[in-house]
Amino acid sequence: MIVGVQPLAGFDKLLHYKVPEHLRAEIHRGSLVRVPILNRPQVGLVLEADTIADVPVERLKNILEVMQDYPALTPDLLALAKWMHVYYAARMESVLEAMIPAAVRDGTRLKEERFLGLARPATPDELVALKKKAPQQARVAEFLAQQFQLVKKSLLLSRLGVTAAVVTALVKRGLVREEVRHVERVAYADNWSGGEVVTGLPPKLNPEQTAVVDSVGESLTKGKFAVHLLHGVTGSGKTEVYLRAVEQVLAAGGSAIYLVPEVALTPQTVSRLRGRFEAAGHQTVVWHSHLGEGERLDGWTALASGKARVVVGARSAIFAPVRDLRLIVVDEEHEPAYKQDETPRYHGRDVAVYRAKLAGATCLLGSATPSLESFANVKSGKYRLDVLTKRVDDKKMPDIQIVDMRIEVMRQRGLVTLSRLLVNHMQARFERREQTILFINRRGYSSSMQCRKCGHVEQCPHCSVAMTYHRADETLKCHLCGHQRGSPAVCPSCAAPDIRWRGLGTQRVEEAVRRVLPRARMERMDTDTMSKKHRFREILSEFRAGKIDVLIGTQMIGKGLDFPNVTLVGLVDADLSMHVPDFRANERTFQLLVQVAGRAGRGDRSGEVVVQTFTPKADAIQYAKRADFDGFAEVELGVRKQFQYPPYRHLIHHLFRGKNPEKIKFYAEHWVKQVEKALGSAVEMRGPTPSPIEKVKDEYRYQIWYFCARATKVVPELVRLQAEMKWPDDVTQILDVDAMSLM
DNA sequence: GTCATTGTAACA
DNA sequence: GTTACAATGACT
């Protein structure tokens, strides 16, 4: 018998092996095996059992060992792996590594990273000789001499465009030393695992909840693939609906996966789940990235053997090897934490939907602020919508007010940081001893230029993105194409003289607050002041204890935290992130606001949200033109990290590192097809072009540009509607399709 | 001609 | 990822 094996040894190719007689019985598709590669034993996964090799049989070697007596991946997980491989254009190997925990792969080398450093400084003579004889080695040596720390080997190789042979030669020469570090994830003390398990009688359902439970229950009974989007306002008892659905599945003998965005941030949910299921005698596996090797192995085997039938966990729990999967719950489906930010760059929610499809299971997505793409899928009939409009505690929804800052500017004259409405609200809160949060959604970019009177933003004539103001030389630059011009003295649109750069930092807001509330205790939280980690926690606990009246900060404030005494949330400058063509950032900001405010409010009084903007009702279509496509922006993100690229340049880089022009072209065309399929529109491919970024040999590098209609500017209005659970029709027309060709 | 350096392809 | 080998170039 011959099997096809994907080795986990650093390259992506299916290799064939012979199976010796005594291993026949235990080898299956999905089995982990040890195979000889270049005469060394390596771990691999059987993708094809009983196939024909494409090389002569006499060249085949034998499988050395079958590592477990059960397959590491079930057929549906194998199918999922293959889909991810194509859909996310990730190497099969990295997909498998993401799916199978290292503890299970046992014997696989612990994840190693190789670092390089200078062993001793090169003498001047030596350097001259090197430059002449081995120029590549000289480059590496010079580069290393400039570094303060050890450099990752793989990074250096791709940065300098040299091969491993060069480094090997240097090491042999004794100039460079190579150090191997084992990357060990440090498990932090988590306060929830093991700890208190909440038990209690299940609460009674209200009529709305009952209707949703029935709706989901119907899909579960049918046993066919279905996706439900549960749109329930904050505090409407979504969790209870999830619990009932899981209970139904367990009662019928099936298994369920319950995903939460970040386990560490949702300890209550986890303990509530465990309380309910374990009281009923169902072992519940908790799965997240901070587990120790042992715990991980235990959880995995419990699920694979069918001993446990429920798993609660973050992103990667979607790969749990459960038997007879009937239900996948994705709580807070809009959360960006579901996105993996290293390869394979998958989206936990989308993988959940696809896995449910493969398994013929029900997928239940839930959120108070569903993502636009999920809503689009409801509109197109792919998902079924269930709603919960009432809070279980009968508290009212937060009141969202949008302030037109252009009017404020006219009234107050000059630079306005805080509108009068916001100031009044803050003062009232201070007098009542209640707390306020001010959001500043500043991102790490320089400012754009915006007219204080009409809200005009100067755009690049070629690229239709906001130009960036550079104070040093008084110019506007386009980060996309490099177009540059002097900054105008008056507004190009309405000729008002008061066009100025905007960069509303936390400091400026702090000053403004101090002016209107001199006696308030206030604290600022941003990346500048938060260099020390414990300070972050400190401030949060002080805030919770009521020692701070006003908290000013960026998104980091909102991280899944409850502040019961906060009754006012202000978004100081809604436009700031608007000109960054990363719609996710905008959407996220507003979702945070609604959620923080949704939990706020004392007694029966609801919290309030004030959004300050210069463009309260911007034309959605106009702004949609320069919007962004998220699915593949994942790739772009990697590029940005490496090369500090502006966010809107979608340069697919990591696929093109190779130097074979045919291969590169193939990949480029592959991407174009994927993107076109997803967008349903043509995509422009430019290339091959030399890269402007690095002095790497870049004759063959393609740039793929794609723009997709997506609401950017319309968000303030949209979020207000979202909070009221209304969805304007025109918004869905300008959505992108994030969950693209899923079905 | 030899030897070192470097790039490339293959790993069954 | 690692290794074997082929291509290139420097030097005697």
Side-chain angles (χ1 to χ4, degrees), chain A residues 1-20 23 27 31 33-65 90-97 102 105 107-116 122 126-141 143 152-158 160-176 178-183 343 654 656-664 696-700:
Chain A
M1 185 165 76
I2 292 163
V3 289
V5 174
Q6 166 63 56
L8 305 179
F11 63 96
D12 215 34
K13 200 186 173 212
L14 192 73
L15 303 180
H16 292 97
Y17 290 87
K18 285 185 290 191
V19 183
L23 294 177
I27 200 162
S31 291
V33 290
R34 229 181 278 281
V35 290
I37 287 174
L38 295 167
N39 294 321
R40 305 158 84 93
Q42 300 275 2
V43 175
L45 191 103
V46 179
L47 292 188
E48 294 169 7
D50 213 358
T51 51
I52 318 153
D54 46 13
V55 290
V57 187
E58 54 273 19
R59 275 182 58 199
L60 298 188
K61 293 184 181 166
N62 271 332
I63 295 271
L64 298 175
E65 182 196 353
R91 292 159 56 206
M92 193 56 174
E93 188 197 18
S94 62
V95 173
L96 295 176
E97 275 178 353
R105 297 197 302 256
T108 330
R109 69 248 175 268
L110 279 172
K111 202 171 175 189
E112 282 178 358
E113 279 182 340
R114 281 158 191 271
F115 286 85
L116 299 175
E126 215 173 1
L127 211 60
V128 173
L130 255 189
K131 264 191 184 150
K132 216 168 133 208
K133 254 173 57 191
Q136 298 297 68
Q137 292 182 32
R139 276 180 65 210
V140 173
F143 178 81
K152 221 162 133 182
K153 187 178 176 184
S154 54
L155 200 90
L156 179 135
L157 294 184
S158 65
L160 296 182
V162 294
T163 58
V166 179
V167 173
T168 320
L170 270 172
V171 173
K172 227 165 119 192
R173 205 182 285 274
L175 263 175
V176 168
E178 195 173 302
E179 197 171 297
V180 183
R181 284 189 197 163
H182 295 276
V183 203
T343 41
H654 74 287
F656 306 150
R657 223 176 263 157
K659 299 202 169 87
N660 176 355
E662 286 304 308
K663 217 172 180 175
I664 294 167
V696 191
K697 295 167 190 164
D698 270 336
E699 305 86 87
Y700 300 107

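Just so you know, these numbers use all the heavy atoms, side chains as well, and skip hydrogens, waters and symmetry mates. In what follows, chains carry the letters A, B, and so on, assigned in the order in which the sequence lines appear, proteins first and then strands, with residues in each chain numbered from 1. Being a predicted model, the structure only gives us computed values, none of them experimental.
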Quickly work out the Lys131(A) NZ to dT6(B) C1' distance and round it to whole Å. 19 Å
Within the structure shown, what part of the strands sits under 4.0 Å from Lys132(A) by heavy-atom distance: base, sugar-phosphate, or nothing? sugar-phosphate
Of Ala165(A) and Lys133(A), the one whose closest DNA chain C nucleotide lies more 5': Ala165(A)
In terms of side-chain heavy atoms of Leu38(A), which of dC11(B), dA12(B), dT5(B) is nearest? dC11(B)
Nucleotide dA4(B), atom P - distance to CG of Leu175(A) in whole Å: 17 Å
Report yes if a side-chain nitrogen or oxygen of Gln136(A) is closer than 4.0 Å to either non-bridging phosphate oxygen (OP1 or OP2) of dG7(B); otherwise report no. yes
How is Pro36(A) classified with respect to the nucleic acid when contacts are heavy atoms under 4.0 Å: base, sugar-phosphate, or nothing? sugar-phosphate
Reckon Thr163(A) has a side-chain N or O less than 4.0 Å from the OP1 or OP2 of dT6(B)? no
Mapping Ala169(A) and Lys61(A) onto DNA chain B by nearest heavy atom, which one lands closer to the 5' end? Ala169(A)
What residues in residues 49-58 of chain A put a non-hydrogen atom under 4.0 Å from any atom of DNA chain B? Asp54(A), Val55(A)
Round to a whole Å and report the spacing from CG of Asn39(A) to P of dA4(C). 9 Å
Look at Arg40(A) and dG1(C) and indicate whether a side-chain polar atom (N or O) is within less than 4.0 Å of OP1 or OP2. no
Tell me: CD of Glu97(A) to P of dG1(C), nearest whole Å? 11 Å
